Amino acid sequence: MSAALAMPAAVRSFHDLRAFAAEAAPASGDDWLAGAHQLPLADPRLRLVALLLPAGTGAVAACRADAFAIVLEGDVAITGADGRVERLAADDSVVLPMGAGFTWASAAGARVIVMAYAAEAETGRGPVRIDRGAALARSNPPTADLLVGETPSCRNHTDFTSADGTFLCGVWDSTPYHRRPMRYRHHELMHLLAGAVTVVDETGREATFVKGDVFLVEAGASCSWESREDVAKVYAIHRPA
């Protein structure tokens, strides 16, 4: 990731989450997010944390929120109540739904980013792996009034939706496009699987994110988007009703 200018504290903007995760703190207890390094967000229903899982094993009786988790370094195997195991390496991601219990095991330890949404109801699902190879369906591009130049071709697959329909996680891709600044109504975590994108906020702060980068755009941020090559990403979005 390349960036210029520091961000004024009062401005909603974007955050480089790999840099944020450098200060990850150890997970602790049944509330496995307790004590983790936290990025303050305006929405009290959301938590964005970076945590360290030690080598070894642990258990969570029941998740207290719908939690999207991406492994930045290391390994972790998640076993749901039904006995199904999801083995995650660096850059793999999973959703651990509210109410779901699981055990975890790590041979070497893991550095993990979690975006958790405190939904009002459970989905009744166990752990859901984000399928980066899923078949994608055509989805709506940005509206014409926001675009500079050609309309892109966009595709999407949603792996997980919260019970209230406001927290969604999945995979998206697009052909290149340039979008004028837009005021985000949602928080969106993005992990780039392919391509590069340059975002600029309302202060002129600019960053270019490339394949492998993980970043967050806050609700309330006004940012432009320019990609000059095809882009693919894993996403976790909270868009209030």
Side-chain angles (χ1 to χ4, degrees), residues 1-3 6-7 9 12-79 86-98 100-118 127-130 132 160 167 169 187-193 207 209-219 221 233-238:
M1 188 276 290
S2 61
M7 178 180 60
R12 304 276 174 80
S13 188
F14 54 85
H15 301 269
D16 176 359
L17 295 184
R18 285 197 182 270
F20 164 76
E23 299 182 41
S28 60
D30 186 57
D31 181 3
W32 63 303
L33 304 184
H37 180 45
Q38 185 160 332
L39 180 69
L41 299 176
D43 191 328
R45 296 166 295 182
L46 284 179
R47 294 172 73 184
L48 194 293
V49 303
L51 57 88
L52 296 174
L53 292 177
T57 62
V60 174
C63 288
R64 302 183 185 186
D66 290 327
F68 168 90
I70 178 169
V71 177
L72 299 185
E73 301 171 4
D75 68 281
V76 61
I78 303 289
T79 303
E86 298 293 354
R87 301 186 187 280
L88 308 175
D91 292 338
D92 289 334
S93 47
V94 67
V95 180
L96 302 164
M98 188 170 73
F102 65 92
T103 61
W104 60 266
S106 178
R111 187 179 303 268
V112 182
I113 288 175
V114 178
M115 182 175 176
Y117 167 58
V128 180
R129 189 186 188 98
I130 301 299
R132 292 182 293 181
F160 178 84
F167 187 62
C169 307
H187 286 83
E188 182 172 2
L189 181 154
M190 294 174 254
H191 169 216
L192 286 190
L193 304 176
F209 296 99
V210 300
K211 179 180 177 181
D213 283 342
V214 184
F215 63 104
L216 175 82
V217 179
E218 295 183 80
K233 68 183 181 184
V234 167
Y235 63 83
I237 293 175
H238 177 243

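Because the structure is a prediction, the values reported are computed rather than measured.
In this structure, Arg111 contributes its side chain and Ala21 its backbone to a donor-acceptor pair below 3.5 Å.
Looking at Val95 and Pro127, their side chains never come closer than 4.5 Å, going by heavy atoms from C-beta outward. Between Leu192 and Val210 the shortest side-chain heavy-atom distance does not fall below 4.5 Å. Two residues are said to be in side-chain contact when any heavy atoms from C-beta on lie closer than 4.5 Å; Ile70 and Val234 fail this criterion. Ile113 has its side chain out of reach of Val49: every pair of non-hydrogen atoms, C-beta onward, lies at least 4.5 Å apart. Residues Tyr235 and Phe68 fail the side-chain proximity criterion, which asks for heavy atoms closer than 4.5 Å. Between His187 and Ile237 the shortest side-chain heavy-atom distance does not fall below 4.5 Å. Between Phe14 and Glu218 there is no side-chain heavy-atom pair separated by less than 4.5 Å.
Under the ring pair (Phe, Tyr, Trp, His ring centres under 6.0 Å) criterion, the residue pairs touching residues 37-58 are Phe20-His37, with sequence neighbours excluded.
Taking Glu86 as the reference, Arg84, Arg129 meet the salt bridge (Lys or Arg N to Asp or Glu O under 4.0 Å) condition, with sequence neighbours excluded. Residues satisfying the side chain to side chain donor-acceptor pair (under 3.5 Å) criterion with Arg47, sequence neighbours excluded, are absent altogether. Among residues two or more places apart in sequence or in another chain, the side chain to side chain contact (heavy atoms under 4.5 Å, CB included) test is passed with Arg45 by Asp43, Tyr117, His238, Pro240. Residues satisfying the side chain to side chain contact (heavy atoms under 4.5 Å, CB included) criterion with Asp75, sequence neighbours excluded, are Ser106, Ala107, Ala108. Looking at residues two or more places apart in sequence or on another chain, you find a ring pair (Phe, Tyr, Trp, His ring centres under 6.0 Å) between Phe215 and Phe209. Residues meeting the side chain to side chain donor-acceptor pair (under 3.5 Å) test with Gln38, sequence neighbours left out: none. Partners of Phe102 by ring pair (Phe, Tyr, Trp, His ring centres under 6.0 Å), not counting sequence neighbours, listed by chain and number: Trp32.
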- prompt: Do Leu216 and Leu41 pass the side-chain contact (heavy atoms from CB on, under 4.5 Å) test, and can you show the C-alpha distance, the side-chain angles, and the key distance before you say yes or no?
  reply: CA-CA 11 Å; Leu216 175 82; Leu41 299 176; 3.8 Å; yes
- request: Applying side-chain contact (heavy atoms from CB on, under 4.5 Å), run through Val214 and Leu72 and close with a yes or a no.
  value: CA-CA 9 Å; Val214 184; Leu72 299 185; 4.0 Å; yes
Working for side-chain contact (heavy atoms from CB on, under 4.5 Å), residues Val94 and Leu88: CA-CA 8 Å; Val94 67; Leu88 308 175; 3.6 Å; yes
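Annotation for Gly212 and His191: closest pair O-CD2, 3.9 Å, computed over non-hydrogen atoms. Nearest heavy-atom pair, Cys63 versus Pro97, reported as atom, atom and distance to 0.1 Å: CB-O, 3.3 Å.
A salt bridge between Arg132 and Asp92 is present, with a side-chain N of the basic residue lying under 4.0 Å from a carboxylate O of the acidic one. With respect to Asp91 and Lys233, no salt bridge is recorded, no charged nitrogen being found less than 4.0 Å from a carboxylate O.
Between the CG atom of Leu48 and the CG atom of Leu17 there is a distance of 5.5 Å, given to the nearest 0.5 Å. Atom CG in Leu189 sits 9.0 Å away from atom OG in Ser93 (nearest 0.5 Å). Interatomic distance, Thr79 OG1 to Trp104 CH2, rounded to the nearest 0.5 Å: 12.0 Å.
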Solution key, residues 50-59 side-chain donor-acceptor pairs under 3.5 Å, sequence neighbours excluded:
none

